[in-house]
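For reference, the structure discussed in these notes is given below.
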Amino acid sequence: MLDKTYGPKAIEKKHYDAWEQGSLFSCDKASDANPYTIVIPPPNVTGSLHMGHALNNTLQDILIRYKRKKGFDALWQPGTDHAGIATQMVVERQMEAENLTRYDLGRDKFIERVWKWKSESGGSITSQLRRLGASCDWSRERFTMDEGLSAAVRRVFVKLYNQGLIYRDKRLVNWDPKLKTAISDLEVEQREIIGEMWYFKYPVEGDSSIYVTVGTTRPETMLGDTAVAVHPNDSRYKHLVGKNLVLPIVDRVIPIVADEYADPEKGTGAVKITPAHDFNDFEVGRRNNLKLINVLNQDAHMNDNVPEHLRGLDRYECRVLVIREMESLGLLDKIEENPMTIPYGDRSGVVIEPWLMDQWFVDAQRLAGPAITAVEQGKTVFIPNQWENTYYEWMRNIQPWCISRQIWWGHQIPAWFGPDGEIFVAETEEAAIAAAFETYGKHVVLGRDPDVLDTWFSSALWPFSTLGWPENTTELDRYYKTDVLVTGFDIIFFWVARMMMMGIHFMDGEVPFHTVYIHALVRDEKGQKMSKSKGNVIDPIELIEKYGADALRFTLTALAAQGRDVRLSEKRVEGYRNFCTKLWNASRFCELNGCLPSNDFNPSGVDNALNRWIIGKTVEAEQAVSGAIDAFRFNEAANTVYKFTWGIFCDWYLELAKPVLQGEQDSLKSETQATAGWVLDQILHLLHPIMPFITEELWKQIACNRACSLITADWPNLKNELIDPQANAELDWVIRLITQVRAIRNEMNIPAKVEIPLMLKDANDLARNCIVPYTLQIKRLARIKSIELLEGNVPKGSLQDVLDEATIILPVADVIDIGTEEKRLEREILKMQAEVERFNKKLSNEKFISNAPEFVVQLEREKLNEAKIACSRLGQAKERLLQAR
RNA sequence: AGUCGCGUGGUGUAGUUGGUUAUCACGUCUGCUUUACACGCAGAAGAGCGCGAGUUCGAAUCUCGCCGUGACUACCA
């Protein structure tokens with residue numbers, strides 16, 4: 001016997017453990033079934049579950065559970081990535097407490113310590129995903145630093161290097177002076193601030209009475225200026241091109257060059273060029289053969305390339321001194337307020353410096369070509385489609401991808417340097433040594449590049465490295481390409497783009513997934529992005545504790561409409577927790593009334609119209625839910641099953657079935673019991689992908705002799721033939737009758753307890769045929785004493801209303817106030833007259849009749865007719881009322 | 001600056017190819033201990049879909065402009 005309320009805590013862990021231990025999440029590579037594969041976008045090993053994860057993984061789980069129940073060999077490939085910088089920071093912070101730095105330990109010991117941290121406290125997100133109910137195949141869990149995945153990284157690096165797609169170059173990179181490593185463009189966060197623009201005057205060489213004024217937001221970089229550029233057609237400066245300026249403070253002579261980069265509209269039209277500290281200036285420098293002077297060292301203090309009195313200063317201290325010195329030299333022209341965006345490192349939170357360094361780069365532009373074509377040709381489809389634009393936009397403007405990082409935790413670059421700087425790239429040290437031997441003809445000592453690869457380099461391989469590549473595994477053969485990648489739009493560039501490039505390149509042109517489903521961001525109820533600094537983050541685990549995982553999952557699903565953000569409020573979660581309780585109690589009612597699923601129940605063999613009706617409604621619900629999930633319309637799936645369960649099954653079917661269920665034991669009763677049990681079973685199937693825990697629990701409880709679990713039980717496959725139009729018409733009429741009587745009673749303040757007679761006048765065949773079979777139901781649900789067809793006069797003081805052709809008559813002479821009733825009828829008549837007018841107007845429009853499709857015109861005619869009948873019946877009702885006065 | 005979204009009852013929203021009485025939930029109001037459920041039941045009020053124009057027999061839905069709002073990308077001398 002079920003408890004009165006649903007308690008998620010007691011059962012969630014139980015079922016999850018049973019599923020996992022029973023290997024019910026596992027794929028079966030030997031199966032005959034078609035595979036259906038999703039690779040999880042690997043969360044950081046340092047991460048913990050936030051709402052974005054909760055949504056992302058709920059949607060993946062819905063797809064996987066649905067497909068699994070549909071008979072596919074479902075594989076949800078889980079794992080985590082090693083999050084190079086983040087993980088290293090976590091461990092270094094831990095060591096800070098012991099007053100240790102990684103340099104104290106040395107590289108090997110430090111790496112050992114990171115692994116220790118990982119085994120003790122890493123990957124807690126995977127247990128949080130279990131709390132959420134994610135049915136990943138944990139037996140296949142992978143980590144980007146696993147041996148197999150590391151081998152994949154080495155193979156890819158070597159291949160790309162040999163193909164000329166990875167190269168070493170001295171370029172400007174985004175340098176994080178706190179973490180002392182390069183980071184990628186995507187790890188740079190642009191923050192808007194109101195800053196200042198300083199205008200400096202640079203005297204012309206040989207005539208210090210003439211100046212060229214340039215603006216800068218980073219005065220300290222002027223120490224590295226090697227030119228000033230003006231537009232070739234700028235008449236203000238034309239005569240100065242070719243002349244030189246004397247760089248103040250430094251006293252370096254620098255040329256004035258003509259370059260189209262200088263925009264006469266901006267600032268003074270003259271722009272200082274610092275090729276070693278600005279991405280645009282770097283290009284100008286290349287074009288004009290300018291010197292590159294690096295003025296910063298790796299922690300953003302001034303280096304020895306600046307005048308002695310400024311050396312060693314922090315960049316911002318130096319800035320102040322430069323401004324002061326320029327001012328005292330009389331060379332500070334003016335200062336303006338300047339709104340601008342400043343690059344910050346998303347991990348370190350400090351201002352990023354463009355810095356000139358030797359780094360490894362991937363020629364992303366060449367890899368992007370096929371990845372763009374694949375989407376253009378529809379080999380990979382984005383849902384919603386508009387995100388393809390974002391993808392194209394980025395892919396078509398892609399920059400060289402800097403993949404080396406000056407940290408220790410990660411895949412060390414498989415490149416060795418000979419004594420003369422010659423590079424040997426190989427998968428193993430032995431191979432590098434062998435190659436060196438060949439080059440030099442003797443044994444030499446090689447030094448390995450100390451840098452590691454960007455974490456995303458290994459994540460990009462995830463769709464095939466997790467399946468065993470570079471080995472030729474059956475899994476790779478069977479599950480690649482995968483079916484769908486589910487992710488938020490904020491990381492289209494991180495995941496989608498890079499996985500596409502690498503997948504196509506290394507898997508013989510085959511894309512990593514045929515569909516990319518992009519879901520929204522989870523925001524708070526006011527539409528604000530959740531962030532720790534705003535303090536508006538909602539912890540999914542807390543919600544699970546409070547309302548259960550199913551309620552949280554259902555909420556996220558119901559709110560996950562395509563192309564719109566998810567605004568989450570706790571109220572909604574509470575509401576869906578109530579839905580869990582509703583389902584629980586409906587099941588409890590079924591159990592109490594012997595409505596148990598039976599194996600030999602055949603829905604097409606059912607006689608009773610009520611039962612045939614609910615079976616038909618179940619078919620409709622199943623088809624709608626399946627269609628919605630197939631189309632990634634998750635909110636639609638959730639709402640459909642919600643309305644069916646609560647609004648139809650509970651509110652109408654069970655209520656209408658009560659008289660039968662509480663009556664004598666007969667064949668109708670047993671048919672009804674079996675039908676109710678069957679419908680409940682179908683509901684559990686339909687809800688299971690969204691709410692796995694409560695449905696599994698109920699599935700087990702209402703039929704404890706069942707061998708299989710709901711998670712792997714077959715998804716319903718219901719045929720259209722089960723929909724019975726006659727039963728639909730009857731029940732539709734009965735429901736409308738009851739609803740209408742209830743509304744009149746309520747409006748006329750007839751106490752709920754009072755049972756009144758009901759008469760029908762001018763009833764059509766449908767109504768006449770329904771009265772008898774549904775007498776018990778109508779009496780019970782509308783609180784009616786007796787029902788009869790009225791042939792003669794309407795009793796004095798009756799309430800009247802119209803249902804189709806029939807007039808509903810409720811004789812309640814002693815209770816009714818004629819004035820109130822008259823007003824009520826007036827209102828209804830007015831409403832109906834307005835309807836009639838509307839339809840009349842439409843139908844008397846020649847153009848409408850001739851242009852609109854026939855069925856639309858026909859429909860309008862029918863509506864007009866119905867409204868007319870209602871109008872006249874209501875008019876008669878009013879007349880009778882007034883006569884009775 | 002460019003690109004892409006969004007603007008529907010008090011709040012949050014649905015609305016697939018133009019024809020619906022504009023959906024649902026929360027909230028509000030009224031009445032109910034109806035033997036599954038007050039995390040419940042029954043009823044009600046409340047919007048004509050940001051503004052303007054256009055296309056059309058017909059527009060919340062298509063087109064254009066405007067206003068507001070958000071995200072992303074780029075730039076910032």
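Predicted model, so just to flag it, every value in this text is computed and none were measured. Lettering of chains follows the sequences in order, A, B, ..., and the numbering in each one begins at 1.
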With a cut-off of less than 4.0 Å, is there a side-chain N or O of [X] near OP1 or OP2 of [N]?
{"X": "A:Lys582", "N": "B:rC41", "result": "yes"}
{"X": "A:Asn746", "N": "B:rG43", "result": "no"}
{"X": "A:Lys863", "N": "B:rU21", "result": "yes"}
{"X": "A:Asn578", "N": "B:rG40", "result": "yes"}
{"X": "A:Thr390", "N": "B:rU73", "result": "no"}

If you assign each of A:Lys831 and A:Trp646 to its closest nucleotide in RNA chain B, which residue comes earlier from the 5' end?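 Residue closer to the 5' terminus by nearest nucleotide: A:Trp646.
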Given that A:Phe579 and A:Val271 both sit by RNA chain B, which one's nearest nucleotide is further toward the 5' end? A:Phe579
Contact class for [X] (heavy atom, under 4.0 Å): base, sugar-phosphate, or nothing?
{"X": "A:Asn639", "value": "nothing"}
{"X": "A:Glu846", "value": "nothing"}
{"X": "A:Arg633", "value": "sugar-phosphate"}
{"X": "A:Ser850", "value": "nothing"}
{"X": "A:Cys580", "value": "nothing"}
{"X": "A:Arg742", "value": "sugar-phosphate"}
{"X": "A:Ala852", "value": "base"}
{"X": "A:Ala558", "value": "nothing"}
{"X": "A:Ser587", "value": "nothing"}
{"X": "A:Lys571", "value": "sugar-phosphate"}
{"X": "A:Asn593", "value": "nothing"}
{"X": "A:Arg838", "value": "sugar-phosphate"}
{"X": "A:Tyr392", "value": "nothing"}

Kindly assign one of parallel, tilted or perpendicular to the pair A:Phe554 and A:Tyr642, based on the angle between their ring planes and the thresholds 30° and 60°.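 The rings of A:Phe554 and A:Tyr642 sit tilted, inter-plane angle from 30° to 60°.
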Indicate the ring-plane relationship of A:Tyr517 and A:Phe634, choosing parallel, tilted or perpendicular according to the 30° and 60° boundaries.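 The rings of A:Tyr517 and A:Phe634 stand perpendicular, inter-plane angle above 60°.
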Given [options], which nucleotide is nearest the side-chain atoms of [X]?
{"X": "A:Leu592", "options": "B:rA36, B:rG43, B:rC37", "answer": "B:rA36"}
{"X": "A:Gln386", "options": "B:rG19, B:rC4, B:rA36", "answer": "B:rC4"}
{"X": "A:Lys643", "options": "B:rC24, B:rA77, B:rC57", "answer": "B:rC24"}
{"X": "A:Glu835", "options": "B:rC41, B:rU21, B:rA36", "answer": "B:rU21"}
{"X": "A:Asn851", "options": "B:rC57, B:rC37, B:rU33", "answer": "B:rC57"}
{"X": "A:Arg783", "options": "B:rG19, B:rA36, B:rU34", "answer": "B:rU34"}

Please measure how far the [atom1] atom in [N] lies from the corresponding atom in [M], and state the result in whole Å.
{"N": "B:rG48", "M": "B:rG12", "atom1": "P", "answer": "16 Å"}
{"N": "B:rG50", "M": "B:rC39", "atom1": "C1'", "answer": "37 Å"}
{"N": "B:rG46", "M": "B:rU11", "atom1": "C1'", "answer": "13 Å"}
{"N": "B:rU21", "M": "B:rC37", "atom1": "P", "answer": "39 Å"}
{"N": "B:rU34", "M": "B:rC29", "atom1": "C1'", "answer": "22 Å"}
{"N": "B:rG18", "M": "B:rC62", "atom1": "P", "answer": "9 Å"}
{"N": "B:rU35", "M": "B:rC41", "atom1": "P", "answer": "14 Å"}
{"N": "B:rA74", "M": "B:rU69", "atom1": "P", "answer": "24 Å"}

Classify the side chain of A:Glu336 and the base of B:rA77 as holding, or not holding, a donor-acceptor pair under 3.5 Å.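 Flag unset: no donor-acceptor pair detected.
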In whole angstrom, give the distance that lies between atom [atom1] of [X] and atom [atom2] of [N].
{"X": "A:Glu220", "N": "B:rA77", "atom1": "CD", "atom2": "P", "value": "12 Å"}
{"X": "A:Met197", "N": "B:rA77", "atom1": "CE", "atom2": "P", "value": "5 Å"}
{"X": "A:Asn585", "N": "B:rC39", "atom1": "CG", "atom2": "P", "value": "11 Å"}
{"X": "A:Phe382", "N": "B:rU3", "atom1": "CZ", "atom2": "P", "value": "20 Å"}
{"X": "A:Phe855", "N": "B:rG58", "atom1": "CZ", "atom2": "C1'", "value": "13 Å"}
{"X": "A:Glu655", "N": "B:rU35", "atom1": "CD", "atom2": "C1'", "value": "12 Å"}
{"X": "A:Arg745", "N": "B:rU30", "atom1": "CZ", "atom2": "C1'", "value": "15 Å"}
{"X": "A:Asp263", "N": "B:rA77", "atom1": "CG", "atom2": "C1'", "value": "9 Å"}

With a cut-off of 6.0 Å (strictly less than), are more than 12 heavy atoms of other residues, nucleotides or ligands near [atom1] of [X]?
{"X": "A:Glu846", "atom1": "CD", "value": "no"}
{"X": "A:Lys868", "atom1": "NZ", "value": "no"}
{"X": "A:Gln365", "atom1": "CD", "value": "no"}

Any strand counts, and the cut-off is 3.5 Å on both contacts for Watson-Crick or G-U wobble. Which nucleotide pairs with [N]?
{"N": "B:rC4", "answer": "B:rG70"}
{"N": "B:rA44", "answer": "B:rU28"}
{"N": "B:rC62", "answer": "B:rG54"}

Under 3.5 Å, is there a donor-acceptor pair linking the side chains of A:Asn865 and A:Glu862? no
A:Tyr199 side chain to A:Glu336 side chain, donor-acceptor N/O pair below 3.5 angstrom: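 Yes, side-chain donor-acceptor contact under 3.5 Å.
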Please determine whether a side-chain nitrogen of the Lys or Arg among A:Glu353 and A:Arg218 lies less than 4.0 Å from a carboxylate oxygen of the Asp or Glu. yes
Give a yes or no on whether a salt bridge exists between A:Arg588 and A:Glu591, defined as a side-chain N under 4.0 angstrom from a carboxylate O.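 No salt bridge links A:Arg588 with A:Glu591.
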Is the base of B:rG31 syn or anti, if syn means a glycosidic angle within 90° of 0?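 Chi for B:rG31 falls in the anti range.
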Can the ring centres of A:Trp387 and A:Phe382 be said to be less than 6.0 Å apart?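 So the answer is no for these two rings.
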